[in-house]
Colleague: 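Supplied in structure tokens, the structure appears directly below.
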2 protein chains.
Amino acid sequence: MWNAVAKNLIRTKVHQDYSHTLLLVQKGRSIFTKPPSSRNCWQHTAGAVQPFNMSTSIQKVEALDVNNFVRIHWEDGSKSLYPAVWLRDNCQCPDCFLRSAKARKLLLEDLDVNIGVKEVTLTDRQKVYITWPDKHTSEFEAEWLKKRCFSEQARAEMQEELFLPECKYWGSDLQLPNMSFEEVLQSDESACKWLSTLKKVGIVLLTGAATRQGELVKLGKRIGFLRLTFYGPTWQVEDKMDANNVAYTSGKLSFHTDYPVLQHPPGIQFLHCIKQAATGGESEVVDGFHVSNKLKEQNPQAFQILSSTLVDFTDVGIDYCDFAMQSKQRIIDVDYRGQVVRINYNNATRDTIFDISAEKVQPFYAALKEFVDLLNSPEHKFTYKMKPGQ
Amino acid sequence: MWNAVAKNLIRTKVHQDYSHTLLLVQKGRSIFTKPPSSRNCWQHTAGAVQPFNMSTSIQKVEALDVNNFVRIHWEDGSKSLYPAVWLRDNCQCPDCFLRSAKARKLLLEDLDVNIGVKEVTLTDRQKVYITWPDKHTSEFEAEWLKKRCFSEQARAEMQEELFLPECKYWGSDLQLPNMSFEEVLQSDESACKWLSTLKKVGIVLLTGAATRQGELVKLGKRIGFLRLTFYGPTWQVEDKMDANNVAYTSGKLSFHTDYPVLQHPPGIQFLHCIKQAATGGESEVVDGFHVSNKLKEQNPQAFQILSSTLVDFTDVGIDYCDFAMQSKQRIIDVDYRGQVVRINYNNATRDTIFDISAEKVQPFYAALKEFVDLLNSPEHKFTYKMKPGQ
């Protein structure tokens with residue numbers, strides 16, 4: 001998706017299902033601290049990917065009766081196998097495929113999942129024609145087929161193109177990527193670089209924005225639209241009377257991700273410094289994925305507890321609208337393969353209600369403390385002070 | 001969360017992280033078909049819950065040195081155990097808890113996870129005072145403690161109150177819940193009933209809305225705000241030239257969920273019939289959770305394939321903004337306990353790119369066909385025809 005965004009920037013604005021904006025005014029001695037909440041490494045394709053350089057000219061095409069495959073012999077001597085049912089399902093004719101929507105019209109109800117081909121022929125070494133048992137015909141371009149080859153290497157290359165899975169983990173040695181706010185707004189190449197770096201590293205510093213509200217909205221519109229929340233489309237972080245959030249006080253914040261109380265917490269946040277404090281006002285960031293991996297190495301039991309215990313989060317108040325939110329999240333959220341996909345941790349909104357048995361409570365706190373200690377370790381956290389316009 | 005919404009309706013509007021609206025105009029012989037995409041049964045608390053009727057008066061309170069627990073003896077003879085670290089973590093004093101935000105101020109960094117109590121006393125059988133080794137003191141109300149008892153029964157009751165986990169599965173015998181649109185707008189009791197029924201059954205028919213655009217926005221604002229998408233905040237389903245979605249043609253749609261191409265597909269959708277076709281225009285709905293369970297019973301292997309295979313989805317076009325979306329979803333999405341939490345299926349936006357090895361392709365199609373056949377079975381699907389204003 002990220003690469004699709006990057007590529008489409010060449011044309012015009014493209015939606016990303018990204019998130020909130022946040023206007024940041026740091027006051028007094030407050031320290032704003034924020035780990036990157038989510039870099040969607042769930043799209044990771046394991047292993048190194050070699051350049052995929054299969055010829056697009058076809059030497060020969062044949063139907064294999066065994067298991068209903070079509071085999072393509074490419075000019076360079078390599079071969080690809082395509083299941084007949086997949087070819088029929090992806091027929092590109094106007095009856096089966098709606099070109100204006102680039103979407104499938106053929107219903108699964110009308111697909112014979114045991115289908116074989118009746119005849120397969122090749123034209124100009126570039127086009128494969130298939131006649132199906134019911135006389136329906138399909139035509140596939142060599143280039144289109146090549147991109148969809150089912151070999152491990154070809155699939156890995158395609159996934160890399162679609163999801164930019166590369167992640168760079170970092171600690172206190174972070175070389176904070178730095179770009180010009182105006183260039184990102186004006187140049188598609190810069191915008192593309194900004195997004196792909198954000199995907200890879202999880203944080204990018206943009207400089208040279210005006211020191212007034214509204215700059216983040218411009219940035220959001222540059223690549224899509226902002227996600228509305230119960231704190232509104234954007235908000236100001238400043239010391240407030242009767243604060244409805246601990247971020248609106250001058251007290252120290254510890255490392256946290258925003259909105260674990262939402263069923264779908266934000267993936268990216270924008271912060272904009274309009275006014276900076278003379279003293280204090282440092283920002284601390286930490287790579288939650290990197291630290292989770294460290295925890296897994298150093299204390300597998302703590303990792304196991306934090307990646308399996310559902311923690312109650314709550315947020316109640318009045319802002320853009322009245323709200324009373326409640327969720328259950330794992331602090332280290334892993335996918336079905338055990339890979340870390342998100343950190344959900346905000347000590348302020350962690351509920352007083354805790355839905356685990358009494359004897360598991362102390363071990364949970366001990367595990368969380370291990371994790372928080374690692375987050376705070378000088379080796380892992382990166383500290384900087386935003387300037388107005390960053 | 002759902003109950004929190006319901007309860008807070010008594011006060012005023014409350015945000016739900018719900019989703020898109022959709023204005024539906026059915027034309028020609030098109031059949032709109034939509035299974036409920038998600039009823040968040042991940043919050044299920046297993047087992048039947050008995051009424052929790054512990055007395056709120058305390059007979060005795062004692063500190064147990066073993067494992068640092070505080071034991072409360074209630075007036076009715078029952079007992080509750082509270083871990084000391086949890087009590088310290090949830091101290092309600094102004095230094096530890098920000099009352100205006102109902103949020104924790106105490107940082108985990110400042111919490112001793114091996115803490116024990118120095119002294120615990122009881123006042124008026126209603127208040128527990130704890131003195132900690134560093135002289136800090138905490139005060140807890142009996143009622144507050146009672147609600148947070150760590151017994152299985154008390155926790156189950158609290159979770160039920162927070163998440164309304166009850167689900168009603170249905171087939172063609174669905175008694176479609178029916179309520180007045182105006183009553184939901186005007187009466188908090190009706191709005192509460194609407195939301196809790198929607199949570200339980202997954203579908204509610206509201207009648208008596210005006211036959212003009214804008215009614216859904218009213219309904220959205222009644223309980224929070226609408227989620228913006230790349231098709232805009234609301235949209236019209238009608239036969240369009242150069243349709244950018246198969247829903248904008250008069251062709252038959254098969255059962256689907258909307259937007260599996262999003263990282264976080266919508267949980268709820270609103271449909272509003274403004275104009276109905278003289279012939280055709282039937283809506284078909286099916287309970288995806290119910291059918292998934294049936295599939296698991298009847299064909300565990302097909303269930304296993306659909307709940308473990310990551311399927312590529314794609315959506316490219318121009319609407320509210322240009323978009324080029326790409327995702328990987330499991331058609332039957334299960335949580336880490338194997339419980340079905342969401343159905344992600346839209347045959348139109350299922351990508352031609354398929355990231356599995358060639359030999360797994362045909363078994364995948366066979367499994368999907370089994371699932372689709374069950375969705376379409378007369379025993380499972382429910383058919384009705386919306387009238388203008390519904």
Colleague: Nearest 0.5 Å, please: how far is CD in A:Q159 from CD in B:Q326?
Modeller: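 Reported value, rounded in 0.5 Å steps: 8.0 Å.
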Colleague: Do you know which of B:D89, B:T352, B:V334 has the most heavy-atom pairs under 4.5 Å to chain A?
Modeller: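 Most pairs with chain A among the choices: B:T352.
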Colleague: Return yes if some donor-acceptor pair links the side-chain N/O of A:N376 with the main-chain N/O of B:E109 below 3.5 Å, else return no.
Modeller: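 Not a single qualifying donor-acceptor pair exists.
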Colleague: Examine whether an atom of B:I115 lies under 4.5 Å from a heavy atom of chain A, and if so say whether it belongs to the side chain, the backbone or both; otherwise answer neither.
Modeller: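 For B:I115, there is no contact with chain A at all, as no heavy atom is under 4.5 Å.
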Colleague: Does B:R148 use its side chain to pair, donor to acceptor, with the backbone of A:F354 at less than 3.5 Å?
Modeller: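 No, the answer is negative, given that no donor and acceptor are paired below the 3.5 Å cut-off.
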Colleague: What are the two closest non-hydrogen atoms of B:P83 and A:A358, and how far apart are they?
Modeller: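 In this case the closest contact between B:P83 and A:A358 is CG-O, 3.7 Å.
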Colleague: Heavy atoms only, distances under 4.5 angstrom: which of A:V361, A:N90, A:N347 has the most pairs with chain B? Name it, please.
Modeller: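 Max contact count across the listed options: A:N347.
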Colleague: Taking A:M158, A:R330, A:E152 one by one, which has the highest count of heavy-atom pairs under 4.5 Å against chain B?
Modeller: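 The option with the most such pairs is A:R330.
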Colleague: Look only at the side chain of B:W86 and the backbone of A:Y365, and say whether a donor-acceptor pair between them is shorter than 3.5 Å.
Modeller: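 Here the side-chain-to-backbone pair does not exist.
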Colleague: Can you tell me how far the CZ atom of A:F163 sits from the CG atom of B:D355, to the nearest 0.5 Å?
Modeller: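 If we round to the nearest 0.5 Å, A:F163:CZ and B:D355:CG are 8.5 Å apart.
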Colleague: Determine whether a donor-acceptor pair (N or O, by modelled atom type, separation under 3.5 Å) exists between the side chain of B:K105 and the backbone of A:A348.
Modeller: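 The answer is no, because no donor-acceptor pair under 3.5 Å joins these two groups.
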Colleague: Name the option with the most non-hydrogen atom pairs under 4.5 Å to chain A; the candidates are B:N114, B:D373, B:I353, B:T349.
Modeller: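 Ranked by contacts with chain A, first place is B:I353.
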Colleague: Any idea which heavy atoms bring B:V372 and A:L108 closest together, and the distance?
Modeller: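 The pair with the smallest heavy-atom distance is CG2-CD2, 3.6 Å.
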Colleague: Out of B:L81, B:L106, B:D312, B:D351, which one racks up the most heavy-atom pairs below 4.5 Å with chain A?
Modeller: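 Most heavy-atom pairs within the cutoff with chain A belong to B:D312.
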Colleague: So does B:Q92 have more than 12 non-hydrogen atoms from other groups sitting under 6.0 Å from CD?
Modeller: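 Check passes, neighbour count above 12.
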Colleague: Do A:Q362 and B:N68 pass the side-chain hydrogen bond (donor to acceptor under 3.5 Å, both in side chains) test, and can you show the C-alpha distance, the side-chain angles, and the key distance before you say yes or no?
Modeller: CA-CA 9 Å; A:Q362 200 281 333; B:N68 295 328; over 6 Å; no
Colleague: Heavy atoms only: give me the nearest A:R104-B:R350 pair and the separation to one decimal.
Modeller: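 In terms of heavy atoms, the two residues are closest at NH1-O, 2.8 Å.
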Colleague: Determine the minimum heavy-atom distance between B:I356 and A:F150, stating which atoms define it.
Modeller: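 Result for this residue pair: O-CD2, 3.1 Å.
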Colleague: When you measure from the side chain of A:K369 to the backbone of B:L111, do you find a donor-acceptor pair of N or O atoms at a distance under 3.5 Å?
Modeller: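 Judged by distance alone, yes, a pair lies under 3.5 Å.
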Colleague: In terms of side-chain geometry, is the basic nitrogen of A:D315 or B:K102 positioned less than 4.0 Å from the acidic oxygen of its partner?
Modeller: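 Not counted as a salt bridge, because no side-chain N and carboxylate O are separated by less than 4.0 Å.
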